[in-house]
Amino acid sequence: MKYDFKQIEAKWQDRWEESGIFHASDDFSKPKFYGLIEFPYPSGAGMHVGHIKAYSGLEVISRKRRMQGYNVLYPIGFDAFGLPTENYAIKTGTHPRQVTDKNIERFTGQLKRVGFSFDWTRTVDTTEESYYKWTQWIFLKMFENGLVFRDTALVNYCPSCKVVLSNEDSQGGKCDICHSDIVQKSKDVWYLRITKYADKLLSGLDSVDYLPNIKMQQVNWIGKSTGAFVNFKLSVADEKLRIYTTRPDTLFGVTFMVMAPEHPLLEKYADRIANYADVVNYREECAKKTEFERTQLVKDKTGVKIEGIAAINPINGKEIPIFISDYVMMGYGTGAIMAVPAHDDRDYDFAKKFGIDIIEVIKGGDISKAAYTESGEMVNSDFLNGYTDKATSIAAMIKYLEEKGIGEEGVQFKMKDWAFNRQRYWGEPIPIVHCEKCGMVAVPYEELPLRLPNVTEFAPGEGGESPLAKIEEYVNCKCPKCGGAAKRETDTMPQWAGSSWYFLRYIDPHNSEAIAAPQKLNYWMPVDWYNGGMEHVTRHMIYSRFWHKFLYDIGVVNTEEPYAKRTAQGLILGPDGDKMSKSKGNVVDPNDTVDEYGADVLRVYILFMGDYASAAPWSESSVRGCKRFIERVAELPSLVKGSGVTPQLESKFHKTVKKVSQDIEELKFNTAIAAMMSLVNDIEAHGSITSDELMTFVRLLCPFAPHICEEMWEQNGGSGFCSLAPWPEYDEAKTVDATVEIAVQINGKMRSVILVPAKAEKDEAIAIAKMDEKIIAAIEGKNIVKEIYVPGRIVNIVVR
RNA sequence: GCGGGCGUGGCGAAAUUGGCAUACGCGCAAGAUUUAGGAUCUUGUGAAGCAAUUCAUGCAGGUUCAAGUCCUGUCGCCCGCACCA
């Protein structure tokens with residue numbers, strides 16, 4: 001068969017589209033498989049081969065599931081709101097709608113050329129009114145349920161994008177989008193109370209099958225810590241200074257207190273603080289520092305001692321000084337700490353710098369040199385003296401604190417509430433109206449979608465306000481409650497909103513009455529397998545798990561967790577081994593590879609490159625190797641002869657079917673393909689193949705290289721589509737050879753190879769080994785000390 | 001600093017989980033075919049040696065009949081979190 005991939009691939013892509021064989025059906029009697037990939041952001045750069053890799057894993061799984069008889073939902077869509085599109089619109093004056101449509105068209109074309117088995121009838125686009133209506137609907141439900149609040153806060157602000165960012169979007173003090181330095185700015189912020197779900201987000205991880213490193217990152221991000229809150233009295237007033245600590249058992253070692261420079265008690269007692277001017281000065285200096293400087297660069301301890309107010313250690317009545325320092329954050333715990341310099345590195349540095357006492361309460365280190373942070377025997381600690389176990393001494397102290405009413409057990413999370421608004425045009429309008437009389441009022445559900453007005457100016461205002469603020473007919477409205485004059489919220493939602501629930505919309509994408517029909521949700525959820533990039537493991541995944549858990553709590557969905565299983569693919573690096581980027585010019589466009597080698601070759605190569613989860617550089621010559629493989633596969637029909645199959649080749653077939661079937665489930669596509677290559681080598685060496693075997697092989701390869709397989713299936717008398725033909729079965733008995741080659745070692749060194757029956761007993765195997773010439777020579781005249789036989793593996797004779 | 005992972009030919013990588021190290025592919029070499037080759041096919045290909053053999057999984061030890069795999073130490077790289085109290 002001549003391998004004309006252009007003709008073959010176009011032909012089958014057309015047939016698949018016409019026949020609709022990849023459309024999921026709502027036949028609830030069949031077992032279902034919902035495979036989900038992260039829908040792309042349709043950027044102007046088009047897709048690169050990394051996208052293709054991200055979708056190829058579940059593509060193979062989904063195709064295999066269809067052949068196994070499952071009702072498969074493998075959908076695709078576009079996460080199209082966002083800054084890059086808007087920035088492009090500002091630069092070129094093109095409307096973001098037009099830019100988005102153009103980019104989606106281009107992405108769609110690229111995806112179709114690769115022959116992905118997506119259900120194209122269920123495509124979603126987060127920027128369509130029929131979609132964002134429901135994004136707004138969920139927001140209003142959250143508003144209704146007290147999960148939305150507004151606050152003035154110091155926020156991460158990107159001066160270049162003129163936008164407020166969540167902590168997640170400003171990691172390392174850099175803007176996630178333009179990489180400018182983030183500054184702290186006081187602003188009105190809409191928050192989603194994700195912290196209310198912190199515990200559920202953490203405990204839910206026990207019931208899902210995520211790769212261990214994915215779980216770990218989420219656990220880390222949620223950052224639960226257990227400890228205690230302790231109230232310290234102030235010397236000047238009947239006022240408590242409340243702190244959080246994970247080591248309440250070190251309370252006897254406290255020699256000073258530290259408050260965050262922004263701590264509200266400072267202002268409250270300003271008139272009692274003798275050096276209040278210094279405090280204000282220090283606070284202003286700190287505010288100038290970016291988060292990055294404050295947390296990364298300047299680890300040298302700075303601070304100011306509060307004159308005129310001290311704290312009383314509630315456990316021993318000692319008066320201790322209070323400092324302010326920027327190593328204590330207002331955003332974590334209570335914004336104040338008890339400092340135990342003997343057993344905390346940061347407190348130790350601070351105490352050394354300011355000449356404060358250091359009292360050892362845990363034995364084991366040398367506190368004249370450094371803080372001792374390991375565990376050990378408690379000393380100088382009254383009733384805790386002699387305790388050696390950390391958990392018991394903490395429990396004893398908490399018990400004491402609670403009895404005396406000076407503190408209690410407590411839990412803290414690193415995760416903060418989700419800053420949810422952006423001063424931008426290209427996002428979902430926040431459906432809230434500000435009324436002078438009624439306050440914040442929700443737009444009534446029946447008025448959704450609250451449409452994004454058509455504008456011509458997309459740039460944010462100099463004051464950082466949304467472009468929507470300039471449109472008077474949008475801003476001015478009537479209060480839905482009292483009917484009086486009111487103003488609309490002009491901020492929009494962040495990029496992460498639309499992607500927090502898209503997997504639900506695929507289930508019923510054209511439903512105008514609900515997110516999706518309940519019986520369909522019940523059938524399809526949860527997502528059986530979700531694959532995506534490691535970069536989305538903490539943001540998108542945590543946000544969407546939060547939304548899903550909320551929807552569960554209000555009875556919209558029937559599963560607590562959206563994703564039953566989550567895996568991640570590794571990057572494809574440029575041919576130079578660097579991360580692909582436009583600026584380096586090392587981006588590989590899948591279209592180029594499809595043009596030159598064909599979609600099947602591209603697919604096989606991407607999965608053959610190496611471990612699916614690891615990064616690997618692109619290699620053009622290795623692509624050619626995969627082309628050779630596909631071409632040799634295309635020639636297999638010429639080897640079909642009526643008979644003449646050897647037991648060895650038959651066994652190899654069964655072994656290969658078994659290996660490929662198993663490897664696919666473990667995302668070990670590289671070894672699955674290697675096994676098929678090896679089988680082709682053996683077939684060629686043998687010189688013939690039966691028609692049945694050919695058809696088995698074609699079905700086995702079909703999820704990887706579906707176009708050529710469909711063609712061969714048709715040419716060789718297969719009925720229907722190969723893509724729907726039954727997945728090959730194997731006979732376990734036939735994967736085992738009757739005789740096996742095993743190695744013979746003398747004293748653990750390989751000396752020979754013998755052929756023994758697979759079921760040989762120890763005596764038989766050793767007897768055969770001792771007849772081997774090389775072995776005879778090796779053991780001649782020596783004492784046999786020990787004989788080891790591992791069936792099917794090895795014989796080892798120990799001699800002296 | 002804390003947490004996780006990795007280190008195997010010239011290259012991408014395998015290794016049934018303690019049992020023939022280097023499968024599969026690339027590259028390279030020789031040959032065939034070709035007007036030509038960045039095409040195709042055949043053969044060879046960890047290193048040293050004429051050989052039998054010996055040495056090879058970052059480095060140094062250890063356990064074991066047997067170690068890429070387990071243990072101890074050490075070096076190097078990658079990722080995540082990070083003044084989180």
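Because the structure is predicted, anything quoted here is derived from the model rather than measured. Naming convention: chains lettered A, B, ... in sequence-line order (proteins, then strands); numbering from 1 in each chain.
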key: Trace of the salt bridge (charged side-chain N to carboxylate O under 4.0 Å, His left out) decision for A/Asp199 with A/Lys224   = CA-CA 8 Å; A/Asp199 249 324; A/Lys224 182 176 184 172; 3.0 Å; yes
key: Identified pairing partner of B/G76, criterion: Watson-Crick or G-U wobble below 3.5 Å   = B/C6
query = Which nucleotide, in any strand shown, forms a Watson-Crick or G-U wobble pair with B/A13, with both distances under 3.5 Å?
reply = none
query = Within the structure shown, what part of the strands sits under 4.0 Å from A/Ala339 by heavy-atom distance: base, sugar-phosphate, or nothing?
reply = nothing
Syn/anti state for B/U22 [syn: chi within 90° of 0] = anti
Contact list (N/O, under 3.5 angstrom) for nucleotides 52-57 of chain B vs protein:
| unit_1 | atom_1 | unit_2 | atom_2 | d |
| --- | --- | --- | --- | --- |
| B/U54 | OP1 | A/Arg751 | NH2 | 3.4 |
| B/C55 | OP2 | A/Lys749 | NZ | 3.4 |

query = A/Lys668 or A/Met534: which one's nearest nucleotide on RNA chain B is closer to the 5' end?
reply = A/Lys668
query = Does a side-chain N or O from A/Tyr332 land closer than 4.0 Å to OP1 or OP2 of B/A85, or not?
reply = yes
Whole-Å P distance, B/A32 and B/C24 = 26 Å
message = Between B/A23 and B/C11, how many Å separate the two P atoms, rounded to a whole number?
response = 15 Å
ask   = Does a salt bridge link A/Asp366 with A/Lys369, judged by any charged N lying under 4.0 Å from a carboxylate O?
value = yes
inquiry  = Looking at B/U64, which nucleotide sits across from it as a Watson-Crick or G-U wobble partner, both distances under 3.5 angstrom, or is there none?
reply    = none
ask   = B/G76 and B/A82: how far apart are their P atoms, nearest whole angstrom?
value = 25 Å
message = Counting only side-chain nitrogens and oxygens, does A/Arg628 get under 4.0 Å of the OP1 or OP2 atom of B/U40?
response = yes
request  = Using the P atoms only, state how far B/G5 lies from B/U72, rounded to an integer number of Å.
outcome  = 14 Å
inquiry  = For B/A82 and A/Asn220 - does any side-chain N or O of the residue sit under 4.0 Å from the phosphate oxygens OP1/OP2?
reply    = no
task = Remember a base hit wins even if backbone is also touched, and classify A/Asn796 as base, sugar-phosphate or nothing at under 4.0 Å, heavy atoms.
result = base
message = Rounding to an integer number of angstrom, what distance separates B/C2 and B/A67 when you compare their C1' atoms?
response = 31 Å
request  = Check whether the side chain of A/Lys301 and the base of B/C83 form a donor-acceptor pair under 3.5 Å.
outcome  = yes
query = Can a salt bridge be assigned to the pair A/Glu635 and A/Arg628 using a cut-off of 4.0 Å between side-chain N and carboxylate O?
reply = no
ask   = Charged N to carboxylate O under 4.0 angstrom, A/Lys655 versus A/Asp731?
value = no
